[in-house]
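Counting convention: from 1, in listed order, for ligands and their atoms alike.
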Amino acid sequence: MGLNTQPRRCLINVVPYMPGKSIASVQRELGLKNVVKLASNENPLGPSPKAMAVFRRAEKMCHIYPEGASPELREAVARFHRIKADQVLVGNGSDELIRYLCEAFVDNEDEVVVSQYGFIRFKQQALLMGARVIEVPMVDWTHDLETMAKTANPRTKLLFVANPNNPTGTYNTEEEVRTLLKAVPRSTIVVLDEAYCQFAGEWADYPASIPDLVREHENVVVLRTFSKAYGLAGLRVGYAVGDPELLSWLDRIRMPFNVNLPAQQACVEALKDTAFVRKSVAVITAAREPLIVALRELGFSVHDSATNFLFVKCPIPGRELFKKLLKHGLIIRPLDEYGLKEHARISIGSREQNRMLLSALRQVVGVPV
Ligand SMILES: Cc1ncc(COP(=O)(O)O)c(C=O)c1O
């Protein structure tokens, strides 16, 4: 017995996305109680308590469908950014919006430009549409926007830039982004995925994409998420900001009730809880530099980070380190799927979690003499 039906040709070389290993699976497999996950760049402070109070109130409404297009959340996002609600589309995580962008604009054999170590979902999703994906090498682990712009041509439908980037943690400046936007054909949609933008805020040259860049360029779409600084990864909510006509094409393929009702309501509240986001960013950015220094002392080569995670070159192969740390109840992210066998990505945790990480690392890799 076997499957007698061939899948779509473009599916044959697609590998499923590898999410960070879950806490529950490590608890099951290794019989550990206390497991810390530093693999998916979640918020160590948890969710905003105010957003969770709204989430709990919404449980009484769970027998009815949500409003399909998330109108209240779109209005709230529009108020937050001082833009109009028709410039906003809400998705089941920004991941869903990456998918919609590809489904709406990429035909078989169309070109999509990505960066070599850019967030891998861009490439995966474009390949699913049968695209020709062109990967532009990075310079010093940073997107080479100049070469990406030169690579774009009238056949290029989408050009993806994660800024800051996952997994390298680097960012591109406003000047670089503006030069890119001037250089690409107007028919190429430039997607600025800003999942980690809150953590890059301390750099004055980080772009102010909303509202400026989206207002100035109708071919720019900015993606934001509630999964990182807002601490709501489990609710699965992200949004796109861009030209209303462009977004209307995504809206045509949007799943009818793509964002669930408690999530829509909780995210409206989360946007208001600016103190929580400020605190989350402060906790992460205060821990970032000391953690970098400590990791360097342990023999890791660590790149500067504009995010809530660190991109590290390990003294032992990344997967080996991952496996050894699991035994200490710590989950980090090896980067084999990017072809980066010596590297790993480690989310910055709470003070206690970072201490646990460093103590485990001292045992696993030892202190270099
Ligand atoms: C750069 C980037 N974009 C998008 C996402 C997807 O986020 P979500 O679907 O949770 O909004 C992630 C998640 O890690 C990411 O790192």
Side-chain angles (χ1 to χ4, degrees), residues 16-22 37-44 47 51 70 73 77 88-102 112 114-126 138 141-143 158-172 177 190-200 206-207 209 221-241 250 254-255 258-260 263-264 266-267 270-271 277 280 284 305-311 331-335 337-338 340 343-348:
Y17 179 73
M18 282 191 259
K21 201 167 170 60
S22 69
K37 184 175 171 214
L38 299 174
S40 300
N41 311 331
E42 293 141 341
N43 190 333
S70 309
L73 181 52
V77 170
V88 182
L89 189 87
V90 181
N92 196 268
S94 50
D95 213 10
E96 187 182 46
L97 299 163
I98 296 167
R99 177 179 192 150
Y100 289 168
L101 281 158
C102 291
V112 173
V114 300
S115 170
Q116 185 182 13
Y117 300 118
F119 185 45
I120 205 160
R121 291 285 301 122
F122 306 148
K123 177 176 158 184
Q124 289 176 336
Q125 205 57 59
M138 284 187 150
W141 302 107
T142 308
H143 305 309
L158 295 170
L159 185 152
F160 281 103
V161 178
N163 194 26
N165 183 50
N166 172 12
T168 58
T170 51
Y171 77 100
N172 292 93
V177 174
V190 176
V191 182
L192 301 174
D193 179 343
E194 299 184 341
Y196 302 95
C197 62
Q198 293 87 357
F199 304 104
Y206 180 74
S209 60
V221 175
V222 177
L223 302 181
R224 295 276 178 99
T225 181
F226 286 94
S227 300
K228 312 296 176 184
Y230 287 92
L232 296 171
L235 293 191
R236 313 300 308 120
V237 189
Y239 58 90
V241 173
L250 309 194
R254 187 176 53 72
M255 293 291 281
N258 61 328
V259 180
N260 69 69
Q264 287 185 30
C267 286
L271 279 172
V277 175
S280 304
I284 295 297
S305 169
T307 63
N308 62 343
F309 59 84
L310 300 178
F311 175 63
I331 314 173
I332 61 160
R333 186 70 164 260
L335 293 171
E337 63 175 334
Y338 285 87
L340 294 166
H343 289 78
R345 199 189 67 201
I346 305 177
S347 308
I348 299 166

May I ask you to decide whether Glu42 forms a salt bridge with Lys228, counting only side-chain N to carboxylate O separations under 4.0 Å?
no

Across all chains, not counting sequence neighbours, the ring pair (Phe, Tyr, Trp, His ring centres under 6.0 Å) partners of Phe122 are Phe119, Phe160

Under the rule for side-chain hydrogen bond (donor to acceptor under 3.5 Å, both in side chains), what residues qualify as partners of Asn163, not counting sequence neighbours?
none

With Arg345, which residues qualify under salt bridge (Lys or Arg N to Asp or Glu O under 4.0 Å), at least two apart?
none

What class does the angle between the rings of Phe311 and His343 fall in, given that below 30° is parallel, 30 to 60° is tilted and above 60° is perpendicular?
parallel

Can you tell me if Ser94 uses its side chain to pair, donor with acceptor, with the backbone of Gly238 under 3.5 Å?
no

What residues sit with at least one heavy atom under 4.0 Å from ligand 1?
Gly93, Ser94, Asp95, Phe119, Asn166, Asp193, Ala195, Tyr196, Thr225, Ser227, Lys228, Arg236

